[in-house]
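Here is the structure we will look at, set down as structure tokens.
Nothing fancy with the numbering, it's 1 onward along the sequence. Values below: all heavy atoms of this structure, side chains included; hydrogens, waters and symmetry mates excluded.
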Amino acid sequence: MASSPDFFLLILPIFLLSFHVPSVFSAIESETNALLTWKATLDNQSQSFLSSWTAKSNYCSSWFGIHCDEAGSVTNISLRDTGLKGTLQSLSFSSFPNLLHLNVSNNSFHGNVPSQIGNLSRLNILDFSLNQISGSIPKEIGMLGSLTYIDLSNKPFPGTIPTSITNLTNLPILYIHETLVSGSIPQEIGLMKSLTQLDLSVNSFTRKIPTSIGNLTKLSELYFNGNQLSGSIPQEIGMMNSLTVLALSNNTLSGSIPTSIGNLTNLVSLYLSDNRLSGSIPREIGKLTQLSLIFLENNQFSGDLPVEMSNLTYLEVFIAYNNNFSGHLPQDICSGGLIKAFAISENNFNGPIPRSFRNCTSLIRLRIERNQITGNFSEVFGVYQNLKYMDLSDNKFFGELWWKWEDFSSLSMLKMSKNNLSGSIPPEIGNAPMLLSLDLSANHLVGTIPKELSKLKLLELSLDDNNISGEIPKEIGTLSDLGTLSLAANNLSGAIPKQLGDCSKLLFLNLSKNSFTKSIPLEIGKLHSLESLDLSQNLLIGEIPQQFGALERLETLNLSRNMLSGSIPSSFVGLLGLTIVDISYNELEGPIPHIKPFQEAPFDALRDNRDLCGNNTRLEACPSPTSANGKKGSKPSNLIIVPLVCSIVLIILFVGGFFILRQKIRSRKIDLEKNVPSCEGTCAVWSNDKDIQYENVVNATKMFDSEYCIGIGGYGVVYKVVLPTDRVVAVKKLHQSQDGEMTDFKSFTSEITVLMNIRHRNIVKLYGFCSHTKHSFLVYEFIERGSLRSILNNEEQATELDWFRRINVIKGIANALAYMHHDCSPPIIHRDISSNNVLLDSDFEAHISDFGTARLLMPDSSNWTSFAGTYGYTAPELAYTMAVNEKCDVYSFGVVTLEIIMGRHPGDFISSLSLSSSSLSLPIDQDTLLEYVIDKRLPIPGNKAPDALIHTVKLALACLIVNPQSRPTMRQVSSQLAARS
């Protein structure tokens with residue numbers, strides 16, 4: 001038998017366990033109840049997602065996102081990217097004494113962060129990023145002394161950073177970017193000496209950068225960009241010799257770069273753009289031999305670039321445009337041979353191009369426009385097989401264009417305007433296989449336009465202001481993708497070739513200040529996308545073609561200083577988009593069109609013609625047929641007029657009666673076949689909405705007067721209509737064809753019932769459709785803010801459309817297209833997705849519009865004989881095939897997405913990329929990509945780039961892959977955006 005002490009030792013663990021077991025079970029029960037109580041406060045969809053969370057199952061082994069230690073206590077709550085919606089108020093943090101990881105990022109949590117978070121004393125990782133959590137950062141966060149990682153980014157945290165956060169002296173990683181945090185960066189931040197990564201970018205911090213920042217000697221990445229920091233960069237920054245990334249862009253910093261920057265010998269990336277920094281670049285920058293990326297643009301720097309920059313042999317990107325730099329460029333700045341992007345435009349650099357550039361074969365983008373740099377063009381540049389974008393405009397280059405053009409296998413954009421180039425345009429330029437944009441304007445070029453340019457797929461050709469002679473080659477008509485053609489101010493002669501009418505995507509055509517003769521070709525009227533036409537200061541004769549009335553998107557028309565005669569075509573009344581017109585110094589006569597640009601035209605736009613008249617204060621009123629009898633230029637006598645008028649009236653009555661009878665029969669047939677409500681007389685209204693009646697719409701717009709016009713599309717003119725009930729709708733009056741029937745009538749009538757039943761928050765509602773002998777129109781929901789294009793083109797509105805709203809707009813477009821492609825039966829292909837067909841409501845929510853151009857994709861056919869997309873948004877395969885499918889919409893979505901992020905149409909950017917069938921080859925890394933892509937009118941969203949924005953750009957590029965089969969579906973795109981944004 002054991003002795004008493006031995007017996008006591010034997011039973012002691014059993015005795016202690018009898019007390020411990022209840023406490024363990026009590027803790028487990030507390031954690032279980034805390035999680036179930038919190039789950040019950042989430043929305044129904046979230047509760048459904050967490051269906052594994054039940055009292056009957058083991059929460060350590062069966063519950064999604066929950067992990068435990070060996071004792072069965074929760075150590076990890078990981079619920080990122082799960083779409084949960086609710087608050088954190090009901091989550092009892094005090095019930096989890098052993099919690100190490102808490103990650104609920106990228107969800108829809110809202111409300112405040114509870115102060116009891118301070119109870120998580122053992123917490124290592126805290127990630128609340130990408131939610132809608134509001135309220136200030138709780139001061140209790142400073143009690144979490146075990147933290148090694150904090151991410152509170154992308155949430156609206158008003159107020160300041162609590163000083164208590166600087167108690168976390170062992171914290172290595174702190175991310176608080178893209179919140180609403182304001183105030184100053186606390187001086188006590190220098191106490192957090194364990195920090196290795198600090199990101200406070202894109203907030204509202206003010207005042208100076210604290211000098212205590214120099215104490216953070218372990219810091220490798222510092223992001224203060226996108227704030228309102230002022231004052232100078234402190235000298236103490238040179239004490240942070242572990243820094244690899246220093247990002248101070250988009251602030252209001254002033255003064256010069258401190259010389260102590262030379263101590264940062266590990267620095268790889270330097271971002272100082274968009275500040276008020278001045279002075280010269282310190283020579284000490286030459287000590288930073290690891291530097292790869294330098295961004296200095298949009299400051300007030302001056303002086304020379306130091307020759308010591310030749311030591312930067314790892315330099316890949318140097319961006320310094322829009323400063324006051326002067327002097328010569330360092331001759332060996334590309335001695336490392338790695339430079340990919342070099343942009344120094346809008347400075348005062350002079351002298352020659354650096355000699356090291358001749359062998360800098362890594363170049364992808366070269367922008368040195370608007371300087372005073374000189375040299376013989378063909379001698380100072382080498383061969384750059386990777387070069388995609390080259391802008392040398394507005395410098396002092398001379399010489400001729402004798403390059404081995406076929407060696408420039410990637411060059412898509414070449415701009416060399418405003419230099420001193422001479423000689424002729426070499427035919428060999430047609431051998432540059434990827435060239436899309438060529439601008440050689442304002443030089444001293446002679447000779448003719450080589451027909452070999454037709455071998456290219458040019459989007460832009462600008463040769464204006466040279467001494468080029470001869471005729472425009474007829475082969476110009478093969479440039480079917482051409483959007484801009486400017487040949488003004490040359491010595492061109494002969495007739496304007498009718499083949500120009502085959503350049504169906506032309507937006508801007510300028511042939512002014514030449515010596516073109518003969519009449520204007522009728523084929524110009526086929527350019528339905530044309531927005532600006534300038535044929536002024538030539539020797540053109542004959543009448544203005546009646547076909548010009550088909551140029552419904554035309555905004556600017558200049559036909560002045562020619563010898564045009566006859567009257568202005570009556571078809572001009574349909575040019576509702578026209579805003580500026582000049583027909584002066586011709587021999588025109590008769591009435592001016594009854595549209596605003598003519599009625600409000602200044603005297604100089606109408607002067608020196610033969611006998612113009614009409615409703616313009618600078619012209620005489622046109623004489624009536626009876627009042628002009630017996631006068632010079634008077635009409636025939638009443639003996640002729642009266643019988644003539646009577647005959648015309650009888651003909652009109654006969655023809656009108658015929659069409660009315662035909663329309664009655666057609667309307668009755670539609671009523672019988674479709675069993676839809678109809679109005680009396682000659683119209684059929686397909687709508688159950690009593691407000692939408694033909695008379696209501698016509699009366700509200702005063703017979704579709706131009707004052708109610710709010711936009712023009714490819715299929716009609718859009719009017720804002722206030723119905724008698726004060727309800728506001730948008731009405732698209734459809735274009736009429738020659739015989740008075742609606743364009744594509746059968747297609748519209750076959751689809752209208754389906755389209756009226758579409759109900760999606762991101763698709764404009766179609767309320768009804770009216771077919772009438774005079775006017776046919778579609779009635780849509782009115783969206784307050786108008787088109788995305790107009791908003792992006794307005795500085796104030798574009799700034800209001802911040803990054804959060806832009807990402808939300810992109811998600812809305814994707815959701816709508818996913819619904820159309822995958823949830824409608826049969827699927828609907830929009831075919832004309834563009835920024836003009838995306839409307840934003842008062843809350844900046846996106847709505848896809850213009851279903852007049854949509855077509856149903858039938859199961860047995862994917863082809864149509866016509867295509868009505870918008871230039872710059874259509875998929876490349878449509879240049880050689882008319883097979884339209886949902887992948888065409890995917891491509892257009894990619895273009896619009898980049899346009900939203902860039903704030904402008906991404907044509908140049910897309911053309912600078914290699915978008916093969918299976919991969920994406922970006923010219924620079926992701927951080928640099930953002931520097932090129934993002935809209936500069938908004939604060940930079942972090943040089944580290946928020947995952948949501950980077951991910952969105954990548955998705956857009958995937959949508960632009962040349963091979964349609966390699967593009968994602970819109971359902972995949974929508975899901976990806978929902979998961980990551």
Side-chain angles (χ1 to χ4, degrees), residues 80 100-103 105-106 123-130 137 141-142 144-155 157 161-162 165-179 181 185-203 205 209-210 212-227 229 233-234 236-251 261 263-272 288 290-293 295 925-928 930-931 940-950:
R80 69 169 296 166
L100 302 177
H101 297 177
L102 177 58
N103 188 340
S105 64
N106 196 20
L123 197 65
N124 297 148
I125 294 177
L126 175 62
D127 192 342
F128 286 167
S129 62
L130 293 168
I137 301 172
I141 208 167
L144 307 181
S146 299
L147 280 173
T148 59
Y149 179 97
I150 301 179
D151 193 344
L152 306 178
S153 305
N154 297 284
K155 296 192 294 287
F157 275 138
I161 290 184
I165 204 169
T166 60
N167 296 336
L168 306 179
T169 55
N170 295 316
L171 180 70
I173 300 174
L174 175 60
Y175 295 150
I176 309 179
H177 65 87
E178 284 195 78
T179 67
V181 177
I185 298 173
Q187 182 72 22
E188 293 85 353
I189 202 166
L191 301 174
M192 305 177 73
K193 295 183 179 180
S194 296
L195 280 175
T196 60
Q197 296 180 40
L198 175 59
D199 189 345
L200 303 181
S201 62
V202 195
N203 286 293
F205 289 114
I209 299 173
S212 64
I213 200 79
N215 296 332
L216 307 182
T217 55
K218 295 181 180 179
L219 200 65
S220 64
E221 297 181 14
L222 174 62
Y223 300 93
F224 282 176
N225 51 291
N227 283 284
L229 298 171
I233 302 173
E236 288 79 2
I237 212 151
M239 300 166 59
M240 306 165 69
N241 51 19
S242 296
L243 273 183
T244 60
V245 177
L246 176 59
L248 304 177
S249 300
N250 285 90
N251 283 286
I261 200 171
N263 297 329
L264 307 181
T265 54
N266 293 304
L267 199 63
V268 174
S269 303
L270 176 63
Y271 302 92
L272 301 178
L288 310 184
Q290 302 300 311
L291 261 183
S292 175
L293 309 177
F295 292 85
D925 63 27
Q926 291 182 358
D927 290 340
T928 311
L930 281 182
E931 287 290 336
I940 291 181
N943 289 298
K944 187 165 67 71
D947 288 344
L949 197 53
I950 283 285

Please report the shortest heavy-atom distance between Asn263 and Asn241, naming the atom on each side. O-CB, 3.8 Å
Quick one: are Leu168 and Leu174 in side-chain contact, heavy atoms under 4.5 Å? no
So, taking the atom named CG in Leu293 and the one named CG in Leu267, what distance separates them when rounded to the nearest 0.5 Å? 9.5 Å
Quick check for you: to the nearest 0.5 Å, what is the distance between Ile209 atom CD1 and Glu236 atom CD? 11.0 Å
For Thr166, the side-chain hydrogen bond (donor to acceptor under 3.5 Å, both in side chains) test, sequence neighbours excluded, returns none
Leu229 versus Asn251, closest heavy-atom pair with distance: N-OD1, 3.0 Å
Could you tell me the separation between the CD1 atom of Ile141 and the CG atom of Leu147, rounded to the nearest 0.5 Å? 7.0 Å
Between Asn250 and Ser201, is there a donor-acceptor pair closer than 3.5 Å when you use the side chain of the first and the backbone of the second? no
Not counting sequence neighbours, which residues clear side-chain hydrogen bond (donor to acceptor under 3.5 Å, both in side chains) with Asn203? List them please. Thr179
Dump the intermediate steps for side-chain contact (heavy atoms from CB on, under 4.5 Å) on Ile161 and Leu200, then the final yes or no. CA-CA 10 Å; Ile161 290 184; Leu200 303 181; 4.1 Å; yes
Nearest heavy-atom contact between Lys218 and Ser194 is CD-CA, 4.3 Å
So CG of Asn167 and CD of Glu188: to nearest 0.5 Å the spacing works out to 9.5 Å
Nearest heavy-atom approach of Gln290 to Thr265 is CG-O, 3.5 Å
side-chain contact (heavy atoms from CB on, under 4.5 Å) with Tyr175: of Asp127, Leu198, Asp199, only one passes, and it is Asp199
Asn215: partners by side-chain hydrogen bond (donor to acceptor under 3.5 Å, both in side chains), with sequence neighbours left out: none
Measure across Ser212 and Ile189 and return the closest heavy-atom pair with its distance rounded to 0.1 Å. OG-CG2, 4.0 Å
Indicate the atoms forming the closest heavy-atom contact of Gln197 with Ser220, along with that distance. CG-OG, 4.3 Å
Any side-chain heavy-atom pair of Ile233 and Ile261 under 4.5 Å: no
Interatomic distance, CZ@Arg80 vs OG@Ser129, rounded to 0.5 Å, equals 6.5 Å
Residues at least two apart in sequence or cross-chain that pass side chain to side chain contact (heavy atoms under 4.5 Å, CB included) with Leu102, listed by chain then number, are Ile77, Phe93, Leu99, Val104, Leu120, Leu123, Leu126, Phe128
Name the residue from Asn225, Leu219, Leu222 that meets the side-chain contact (heavy atoms from CB on, under 4.5 Å) definition with Leu246. Leu222
Could you give the distance from OG1 (Thr196) to CG (Leu243), rounded to the nearest 0.5 Å? 11.0 Å
Spell out, as yes or no, whether a donor-acceptor pair under 3.5 Å connects the side chain of Ser153 to the backbone of His177. yes
Could you walk me through whether Leu288 and Leu264 pass the side-chain contact (heavy atoms from CB on, under 4.5 Å) test, one step at a time? CA-CA 7 Å; Leu288 310 184; Leu264 307 181; 4.3 Å; yes
Across all chains, not counting sequence neighbours, the side chain to side chain contact (heavy atoms under 4.5 Å, CB included) partners of Ile125 are His101, Thr148, Tyr149
